[in-house]
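For ligands, and for the atoms within them, numbers begin at 1 and follow the listed sequence.
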Amino acid sequence: MRIRALVLSCAAAFVLAACGPSSQPPSEGGTAPASPGRLHIYNWSDYVAEDTIANFEARTGIRVVYDVYSENEVLEAKLQAGNSGYDLVFPSLRPFAQRQVLQGIYAPLDRASLPNFGNLDTVLLEGMRDADPDNAHLVPYMWGTTGLGINVGKVREALGEDVALDSWSLLFDPANAERLAACGISVLDDEQEAFAAALIWLGRDPNRTDGDELEAVQAAYGAVRPHIRSFNNSQYINELATGETCLAMGYSGDVAQAAARAEEAGTGLEIAYIIPKEGAIRWIDVMAIPSDARNKEAAHAFINYLLEPEVIAAVTNYVAYANPNLASKAFVEAEILEDGGVYPPDEVLAKLVDPQKLPDAAQQARVRAWTRIKSGR
Ligand code: N2P
């Protein structure tokens, strides 16, 4: 449950939105001449503190053009088309950055320009090496889980005061979904996460593709599809915060941000994040510099800045995602460090599953099935 320490007001979120996404897109960047004083960043929405960018600009004089996305697929399409105009991007490690490294999309890091690299958790770095040998291209940024955001009052009202708020069955049991439909259910428009959630609920390995997983996932969503109001990866934060929805499949820190917004707005809504007892995906998002980036020097400077313990701790304190910077823990607020939804305890960590890169044909079949599931056909 969440987070007093995260004093993230709606107003602050709007300020960020105004500073971030509305920044001039680098659309002309494909053909524009190099501008050494400019750094084009493409990151997930709601993923930095409100002063992270401004502080870097003030310190370095480098002007940051900051754009946001809410799906790995959108980033990947731009990277694969080439000439994206971006100098620094933040894909999820598996399977996206892993695949993109193989495709030669990223420039090797210049470690001499990253003196703060040593602050990173070496165990986590080691675990990334199968995807990025020698950690040559990717720097871990944040990690988290995908679980359920719950409007505690409304869900109890619909399902009974004694309902256990601890299971994917809140979403996938059709009897629950039917009763929650009126107060609003949203699901991530994220094929990897949505497939994994259903498979984990069914007690299956989310990375298996050699059985009837497609059919099982389609049946699971088919049974609750009429009760799902929307599929989205960013609006659900405000929808939860304002009471427009009462149950959302969501990323850990996003739900915490919804809770903080509700609290700050004084609505009296209690928003909780749960990692379901059946388990969940643990994902890692990374920083990487496209091979065709024009300002690799500034990109390295920004990565090194985000590797400073106090800088990355301030981001964690604001967005409520766990970071892999061991030296930062001294600056992360106690309430966040102790929040099991952000830094899960060992018994929960043991239930988390890392997504794996699937065989191409199976991956494509999942993407097609997900489109069908969403359309309700
Ligand atoms: C930030 C969501 C990032 C988590 N809003 C998905 N990897």
Pairs under 3.5 Å, nitrogen or oxygen of ligand 1 with protein nitrogen or oxygen:
residue  : atom  : partner : partner atom : Å
ligand 1 : 5 (N) : Ser45   : O            : 2.6
ligand 1 : 5 (N) : Asp254  : OD1          : 2.9
ligand 1 : 5 (N) : Asp254  : OD2          : 3.3
ligand 1 : 7 (N) : Asp285  : OD1          : 3.2
ligand 1 : 7 (N) : Asp285  : OD2          : 2.8

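Using a distance-only test at 3.5 Å, with no hydrogens or angles considered, a donor-acceptor pair links the side chain of Asn135 to the main chain of Leu125. Remark: the backbone N or O of Asp254 is paired with a side-chain donor or acceptor of Tyr321 at under 3.5 angstrom.
Within the 4.5 Å cutoff, side-chain heavy atoms of Ser230 are placed close to those of Glu239. The closest side-chain heavy-atom distance from Arg366 to Thr209 is below 4.5 Å.
A salt bridge does not link Asp360 to Arg99: none of the charged nitrogens lies less than 4.0 Å from a carboxylate oxygen.
The two atoms that bring Ser167 and Glu278 nearest to each other are OG-OE2, 2.5 Å, heavy atoms only.
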